[in-house]
Structures are given as structure tokens and as C-alpha cells.
Amino acid sequence: MFQEKLVLDLPQGNVIYYPLFFSMEEADQYFQVLKEKVPWQLDQIKVFGKTYDQPRLTSLFANNGKSYSYSGITMTPNTFSPELLQIKRKVEEMAGTDFTTCLLNLYRDGKDSNGWHADDEKELGKNPIIASVSFGASRYFHLRYKSDKAKKHKILLEHGSLLLMQGETQHFWQHQIAKTAKKVGERINLTFRVIH
Ligand SMILES: O=C(O)CCC(=O)C(=O)O
Ligand SMILES: [Fe+2]
């Protein structure tokens, strides 16, 4: 069904990209239904005591009721919808892991972004596997080595693709979706995680 996978050659990182993990038709449909049905929210983040709108919309789903906290935000989960369960099952087959939780991001345009971070919250455990699905506009996913920020990689995350990050990746690498001045449409990203 899907094309050849691409294994990124990162020291102390394990990142694999599967373009067209979903067919174009499936990806088109999922984009539409998620855009319409997900309860997208705009969270406030606090930076040095000042409050800002987060530069994207988010939503959380989980099958164990556990909330997820990052950047001073605590999100309470919705229960999985049928289409999210379908996506989850297909991703789980490839990842070889049962996920509890899905964090969704909606990047409305090129001004929306996700700053440098690692997904290293305590509740994700030591070497978390994170499965990231993209629908809609393509955006670059940047990676940089924490202790030598000149070591960088970028990969274009395309409509219907899957990106797996696993092993020690979150200890040694940070990632971001940068703002872009290019005219880009909406993008939906789903990151499946295990929250302990
Ligand atoms: O939008 C993406 O591809 C990345 C999302 C991400 O890094 C996150 O939600 O932790
Ligand atoms: Fe992340």
C-alpha cells in the first residue's frame, strides 16, 4: 500500500518516515472529517509570566482518561471517535505498539508553528515511541541535536504520511515545525503516544 520507507541516519536517534502510509483518497477523507469533527481548541501559553495564544489549535483524545501536560498546559482528553480509532489501529500495526493517547495539532497557515522541543514529559516513560500522522499541507519537520545544535536534519511531512520516532530520539534530539513565509494551506498532525 505504502511506498518505500526512509530511515533517517541520525546519531542516537531513530526516526523513520513512511510517505503515503495512507492513500490519497483516505488522507483526503480523514483531513475533512477531522477538520470538521474534532473539538479544536486554542490554548494559552505562559512565557516569562506573559500569556499568549498558542500558535496552532489542539485537541486531545485518550482511552484511559489520563490528561497530558506540556508547556504549562494540562489537556483533558476526549474519547476516541470511530475515524480516530481506524487511524490508530493502522498506525499501531506498523509501530507494533498500542497507544493510549492522541494529541492533534491544526496548523491554520504558515504562521502557525510548533517551537523547538522534545517529547520528554515524565508520563511518556523513558524511551517513548511516538507515531506522527500528517494530513493536508506539507510542512518541514526540523530536527536538531541537543548538545550540538549545528547538527540538523529536515524532512518534508506530506499528506498521508507517517513518521515514527523511537529509541533514544527524545533524549538527544529536539524537533519543531517552523513558521513559513510561503503560502501554505491547513495541516492536521496527529501524534499517538503512550501515557502511563
Ligand atoms: O506537527 C508536527 O508534525 C509535530 C507535532 C509535535 O511535535 C508535537 O505535537 O509534539
Ligand atoms: Fe513533538
Side-chain angles (χ1 to χ4, degrees), residues 6 8 10 13-22 27 30-31 34-35 38 40-43 45 53-62 66-75 77-78 84 87-88 91 95 99-125 127-146 152-180 182 184-195:
L6 177 71
L8 270 70
L10 304 177
N14 185 331
V15 180
I16 309 174
Y17 179 65
Y18 302 85
L20 277 180
F21 183 69
F22 295 92
Y30 283 135
F31 178 88
L34 294 173
K35 173 77 201 302
V38 166
W40 298 106
Q41 60 186 68
L42 178 61
D43 284 316
I45 43 170
D53 287 348
Q54 200 174 38
R56 61 187 181 278
L57 305 183
T58 62
S59 199
L60 189 74
F61 291 79
K66 292 203 175 163
S67 60
Y68 183 48
S69 299
Y70 67 97
S71 302
I73 301 168
T74 297
M75 300 184 72
N78 303 101
L84 276 172
I87 297 169
K88 182 173 176 287
V91 168
F99 295 103
T100 60
T101 303
C102 183
L103 172 63
L104 286 90
N105 294 300
L106 172 58
Y107 301 86
R108 292 158 292 184
D109 58 29
K111 292 196 289 295
D112 272 357
S113 61
N114 198 331
W116 285 116
H117 69 280
D119 294 314
D120 55 3
E121 289 77 21
K122 257 208 317 286
E123 58 261 49
L124 294 172
N127 284 329
I129 176 163
I130 293 169
S132 167
V133 172
S134 294
F135 297 124
S138 300
R139 294 286 294 265
Y140 275 103
F141 184 79
H142 298 249
L143 287 147
R144 72 178 183 192
Y145 196 57
K146 282 190 197 172
K152 286 190 260 189
H153 272 266
K154 71 174 178 181
I155 179 162
L156 191 64
L157 299 185
E158 297 160 299
H159 188 43
S161 69
L162 169 68
L163 185 81
L164 290 183
M165 294 187 277
Q166 54 198 328
E168 297 176 299
T169 308
Q170 304 304 326
H171 295 276
F172 293 100
W173 293 84
Q174 292 178 317
H175 53 272
Q176 74 162 351
I177 302 288
K179 290 183 202 313
T180 173
K182 293 203 192 93
V184 292
E186 293 171 315
R187 167 175 183 263
I188 292 173
N189 171 259
L190 299 75
T191 51
F192 290 93
R193 301 148 190 264
V194 179
I195 304 282

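Just follow the structure's listing: the first ligand is 1, and inside any ligand the first atom is 1.
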* Heavy-atom contacts under 4.0 Å between Leu163 and ligand 1: side chain, backbone, both, or neither? -> neither
* To do: Have a look at ligand 1 and work out which part of His175, if any, has a heavy atom under 4.0 Å from it: side chain, backbone, both or neither.
  => side chain
* Asked: In terms of side-chain geometry, is the basic nitrogen of Asp119 or Arg193 positioned less than 4.0 Å from the acidic oxygen of its partner?
  -> yes
* To do: State whether Lys66 and Glu123 are salt-bridged, where the test is any N-O pair (Lys NZ or Arg NE/NH1/NH2 against Asp/Glu carboxylate O) under 4.0 Å.
  => no
* To do: Just give me the atom name: the N, O or S atom of Asp119 closest to the Fe ion (ligand 2).
  => OD2
May I ask whether [X] has any heavy atom positioned less than 4.0 angstrom from an atom of ligand 1?
X	result
Arg187	yes
Arg193	yes
Tyr107	yes
His117	yes

* To do: Would you kindly say whether Ser113 and Arg56 are connected by a side-chain donor-acceptor distance under 3.5 Å?
  => no
Can you sort out which atoms of ligand 1 are near [X], meaning under 4.0 Å from one of its heavy atoms?
X	result
Asn114	5 (C), 6 (C), 7 (O), 8 (C), 9 (O)
Leu157	3 (O)
Asp119	10 (O)

* Test log, rule side-chain hydrogen bond (donor to acceptor under 3.5 Å, both in side chains), inputs Thr180 and Arg139 -> CA-CA 9 Å; Thr180 173; Arg139 294 286 294 265; over 6 Å; no
* **Those residues that, when tested against Lys152, pass side chain to side chain contact (heavy atoms under 4.5 Å, CB included) (two or more places apart)** => Arg144
* Asked: Taking all non-hydrogen atoms of both residues, which atom of Ser69 and which atom of Glu121 are closest, and how far apart?
  -> O-CG, 3.4 Å
* Structure fact -> Row for the Fe ion (ligand 2): angle NE2 (His117) to NE2 (His175), 10° precision, value 90°
* Structure fact -> In short, ring-ring contact (aromatic ring centres under 6.0 Å, His included) pairs touching residues 154-175 with sequence neighbours left out are His117-His175, Phe141-His175, Tyr145-Trp173
* Is any side-chain heavy atom of Ile188 closer than 4.5 Å to a side-chain heavy atom of Tyr107? -> no
* To do: For atom 9 (O) of ligand 1, grab the closest protein heavy atom and report residue, atom and distance to one decimal in Å.
  => Asn105 ND2, 3.0 Å
